[in-house]
Amino acid sequence: MHMHKYEKVWLVFGIGCLFVFLTIVGVSAFAEGNQPPSCLTTIDPEKVDQTPPFNKPGLVKTGDNEYQLNIVASAFAYTPNQVEIPKGAKVTINVTSKDVIHGFEVVGTNINMMVEPGYVNSFTKTFDKTGEYTILCNEYCGAGHHMMTARIKVVDKQ
Amino acid sequence: MNETLKVDRRDARLALAHIYVAFIALGLGGLAGLLQTLVRSGKFTLPANISYYTILTTHGVLLGLVLTTFFIIGFQFAAISRTAGTFSDRVRFWGWIGFWTMTFGTAMTAFFILTGQASVLYTFYAPLQAHPGFYLGLTLVVVGSWMSGFAMFAHYMKWKKEHPGQVSPLLTFMAVVNMVLWLVCTLGVAATVLIQLLPWSLGLVDRINILVSRTLFWYFGHPLVYFWLLPAYMIWYVVIPKVIGGKIFSDSLARLAFILFLIFSIPVGFHHQLLEPGIEPFWKYVQVVLTFMVVIPSLMTAFSMFATFEMYGRSKGTTGLFGWLRKLPWGDARFFAPFVGMVFFIPAGAGGIINASHQLDQVVHNTVWVTGHFHLTIATTVVLTFFGAAYWLIPHLSGRVMTKAMNRLAIIQTVVWAVGMCFMSGSMHFAGLLGAPRRSAFSTYGNSPQALEWIPYQIAQAVGGTILFIGIILVLVIVTNLAFFAPKGETEFPVGEAAESTERTPLVLENWKLWIGITVVLILIAYTIPFIDMIQNAPPGSKGYKLW
């Protein structure tokens, strides 16, 4: 098949960019650990309230400056819906759903997860800046979907 | 005019029937869209307790599924009849059966949505559970499209038999590729609907595997967008060169691009599931790599288009780097509308690359940025190209001609659409970067200062949505005129010819066993292991919920 010289140049340039781009995404994901939230832990969606750690949702200190934040999503609320986090804390957020699919987005950060019944999803983030962050549901879950929200307050350590 | 260059009147009726349903869907779905943007401005509430999510489901189903599928099948019937000859009675009969099956399915789905029994959006994610009639209606739409697809295949095979050793007409070939793509990808959605959702909504089984259902949906959901896009590419590759008076840059490269789309548009559904639990990140990355491969045929298409434009301009004696731009027929809506669509595809494509990348998707996933993205791709690039095609296709089929006044109105329509979309999609992109979620009624999230930041963009979306609705009224005026009121006469169905310098098209491009084989192998590579994992490590299934 004949290909015009300019088209070859154009495609070599384009495909070259493509590979550079894929390499950047791949290195960031596999070498630097910037993988999307892909937790493989499963849970019985009807027994969330009895299954640790979701039987006692909230912030748990797990190490020096390290925390776990366990959140239960259900129509149309997050439990807990107010969380205070000390500034500089490295927090692993675990979240699961008791009913339908929900979203878990912390506005202004790159914390963004799908929350699906039967699965735990998880993302780790260090909160470096004080302030108030809005959590909201960004996957349609029913009539009250747009009311489903919670807050994170990042505060200076006492 | 030569007899063979005209679509037979009986075939024309079949094509027109599809196009009528498509434009009725545009009117109703567009009205729903207008209402959504008004609700999201925060200044307007829907009367009579109508739910925002009912309207949203209506909008998605009518415009994403009905408008597109009907227009595409109607256009492809016309294109095949025009380039591969009049249909046999049998092919046409199956075309009509397909049409009525799809139309009946659409009416059924619409009934259950509008009566509030299926506010599950057009992606119908379980465990939200709609009335079984909703799933059944959608099944009929898909089954009807299969009948039409097989009618097209039968006609293509008859042509091949009558013309041994010859390369099929380019438009027919492209339509066949698109229907093969459609057939392979709809198997996924048919599987989740028939095996999972329908028995579960009927109460035959209690529980459903959520992740399997979503994965089957997205196995269909991404190739779906290429099913929308490829007919626009048919018009760009084959029709536009003729409209401007030029030649097709290369027949074989056009076919190669279509084959690449077939191969690379299916094993990529995980890029819609990047932020999902239960799928190994390695497999997500594999599918991201495959996703990006469609950049190659897209770049080939961009090159071909501009090469055709430049070759034509230079043949008219223009010089300089961009002198050829002046020679293009800017006053011809058949060219202008699709051209504006092409221009919008540049930012739209770049946005798509962002959405499909692991780390960037994390910022924009399920924000209104994504809505802004596909209002550029489907609702501008594809739709403006379809409008541009309707301006010659409808009068060709109805035996009428487009008047100068209608052409001028069509130019205005295109400009109105472009302006409206800049407002609406532009502000959606900006609001999405601030974190505004998609698919949500108006909310300040308890007066959250972060949410208050994006409210002004929602007002801009309502301005854009209103301008776009004016665009819809204009196009409906034009289309009604062309179908029923324009002066009688002959309108050309423009089909371009390849430039003389291009060589014979290799027959390997029509080796279906090879290309479908490669497609299947790639699908198996991309999906087998993660799919087995999903089933083996499945959590307890979910009961149905009606939360609207």
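By convention in this document, chain letters (A, B, ...) are assigned in the order of the sequence lines, proteins followed by strands, and residues within each chain are numbered from 1. Note that the structure is a prediction, hence the values are computed from the model and not measured.
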Item to check | Part of B/Gln359 within contact of chain A (heavy atom distance under 4.5 Å) | outcome: side chain
Checklist entry - So what's closer than 4.5 Å to chain B heavy atoms on A/Tyr6: side chain, backbone, both or neither? => result both
Checklist entry - Looking at CD1 of A/Ile111 and CG of B/Leu275, how far apart are the two atoms once the value is rounded to the nearest 0.5 Å? => result 12.5 Å
Next on the checklist: Quick check for you: to the nearest 0.5 Å, what is the distance between B/Ile296 atom CD1 and A/Ile15 atom CD1?
Outcome noted: 4.0 Å
Checklist entry - Tell me, side chain or backbone of A/Ile135 under 4.5 Å from chain B's heavy atoms, or both, or neither? => result neither
Checklist entry - Is chain A contacted by the side chain of B/Arg255, its backbone, both, or neither, given a heavy-atom distance below 4.5 Å? => result neither
Checklist entry - Angle class for the A/His146/B/Tyr53 ring planes (parallel below 30°, perpendicular above 60°, tilted otherwise)? => result tilted
Checklist entry - Is it the backbone or the side chain of A/Lys8 that comes under 4.5 Å from a heavy atom of chain B, or both, or neither? => result neither
Next on the checklist: A quick test of your reading: do over 12 heavy atoms of other residues, nucleotides or ligands sit less than 6.0 Å from CE of A/Met147?
Outcome noted: no
Next on the checklist: For B/Gln362 versus A/Gln35, what's the shortest heavy-atom pair and its separation?
Outcome noted: OE1-O, 4.3 Å
Checklist entry - Top residue by heavy-atom pair count (under 4.5 Å) with chain B, among A/Gly118, A/Pro36, A/Ala150, A/Gly142? => result A/Pro36
Next on the checklist: One pair to check against side chain to side chain contact (heavy atoms under 4.5 Å, CB included): B/His358 and A/Ser28. What are the steps and the verdict?
Outcome noted: CA-CA 9 Å; B/His358 281 48; A/Ser28 172; over 6 Å; no
Item to check | B/Phe292 and A/Phe21 aromatic ring geometry - parallel, tilted or perpendicular at 30°/60° bounds | outcome: perpendicular
Checklist entry - Of the non-hydrogen atoms in B/Gly446 and A/Arg151, which two are nearest, and what is the gap between them? => result O-NH2, 2.9 Å
Item to check | Region of B/Ser542 in contact with chain A, defined by heavy-atom distances below 4.5 Å | outcome: side chain
Checklist entry - Counting only N and O atoms by type, is there a donor-acceptor contact under 3.5 Å from the side chain of A/Tyr140 to the main-chain atoms of B/Ser119? => result yes
Checklist entry - Out of curiosity, A/Leu136 CG to B/Ser448 OG, how far, rounded to the nearest 0.5 Å? => result 8.0 Å
Checklist entry - B/Tyr125 versus chain A, heavy atoms under 4.5 Å apart: side chain, backbone, both or neither? => result side chain
Checklist entry - Rounded to the nearest 0.5 Å, how far does CD of A/Glu116 lie from CG of B/Leu211? => result 6.0 Å
Item to check | Contact origin within A/Cys141 toward chain B - heavy atom pairs under 4.5 Å | outcome: backbone
Checklist outcome for this item: Among B/Val289, B/Val364, B/Leu56, the residue with the most heavy-atom pairs under 4.5 Å to chain A is B/Val289
Next on the checklist: Donor-acceptor check, side chain of B/His365 to backbone of A/Asn138, threshold 3.5 angstrom: yes or no?
Outcome noted: no
Next on the checklist: Determine whether B/Asn366 and A/Glu139 satisfy the following criterion, side chain to side chain donor-acceptor pair (under 3.5 Å), listing intermediate values before the conclusion.
Outcome noted: CA-CA 7 Å; B/Asn366 271 351; A/Glu139 183 59 86; 3.2 Å; yes
Item to check | Between B/Ser440, B/Ala126, B/Ala451, B/Ala436, the one whose heavy-atom pairs under 4.5 Å with chain A are most numerous | outcome: B/Ser440
Next on the checklist: Give me the atom names and distance for the closest heavy-atom approach of A/Thr42 to B/Pro539.
Outcome noted: CB-CB, 3.8 Å
Item to check | Segment of A/Tyr133 engaging chain B (4.5 angstrom heavy-atom cut-off) | outcome: both
Item to check | Contacting region of A/Leu22 [heavy-atom separation from chain B under 4.5 Å] | outcome: both
Checklist outcome for this item: So, the part of A/Val120 with a heavy atom under 4.5 Å from chain B: the answer is backbone
Checklist entry - Between B/Phe303 and A/His4, how do the two ring planes meet: parallel, tilted or perpendicular, split at 30° and 60°? => result tilted
Checklist outcome for this item: Scanning both residues in full, the closest heavy-atom pair of A/Phe19 with B/Met293 reads CZ-CE, 4.1 Å
Checklist outcome for this item: One option among B/Leu434, B/Asn537, B/Ile279, B/Val363 has the most heavy-atom pairs under 4.5 Å with chain A, and it is B/Ile279
Item to check | Residue A/Ile101 versus chain B: region with a heavy atom under 4.5 Å | outcome: both
Item to check | Heavy-atom pair of closest approach, residues A/Leu40 and B/Gly278 | outcome: CD2-C, 3.6 Å
Next on the checklist: Less than 4.5 Å to any heavy atom of chain A: does that hold for the side chain of B/Glu280, its backbone, both, or neither?
Outcome noted: both
Checklist entry - Given that the side chain runs from C-beta out, which part of B/Tyr52 has a heavy atom under 4.5 Å from chain A: side chain, backbone, both or neither? => result neither
Next on the checklist: Below 4.5 Å, heavy-atom pairs only: which of B/Leu128, B/Val120, B/Ile210 has the largest tally toward chain A?
Outcome noted: B/Leu128
Item to check | Region of A/Glu105 that comes under 4.5 Å of a non-hydrogen atom in chain B | outcome: side chain
Checklist outcome for this item: Ranking B/Ser51, B/Gly544, B/Pro127, B/Ala538 by heavy-atom pairs under 4.5 Å to chain A gives rank one to B/Pro127
Item to check | Verdict with supporting geometry, B/Gln273 and A/Met114, side chain to side chain contact (heavy atoms under 4.5 Å, CB included) | outcome: CA-CA 8 Å; B/Gln273 299 176 280; A/Met114 295 295 292; over 6 Å; no
Checklist entry - Does atom CZ of A/Phe30 have more than 12 heavy-atom neighbours, drawn from other residues, nucleotides or ligands, at distances under 6.0 Å? => result yes
Checklist entry - Under a 4.5 Å heavy-atom cutoff, which of B/Ala441, B/Pro277, B/Gly541, B/Pro437 has the most pairs with chain A? => result B/Pro277
Next on the checklist: Within a 6.0 Å radius of atom CZ on A/Phe76, are there more than 12 heavy atoms belonging to other residues, nucleotides or ligands?
Outcome noted: yes
Checklist entry - Relative to chain A, which segment of B/Trp283 carries a heavy atom at a distance below 4.5 Å: side chain, backbone, both, or neither? => result neither
Checklist entry - To the nearest 0.5 Å, what is the distance between OG (B/Ser250) and CE (A/Met3)? => result 8.0 Å
Next on the checklist: Show the nearest heavy-atom pair for residues B/Pro540 and A/Ile43, with the distance to one decimal.
Outcome noted: CD-O, 3.9 Å
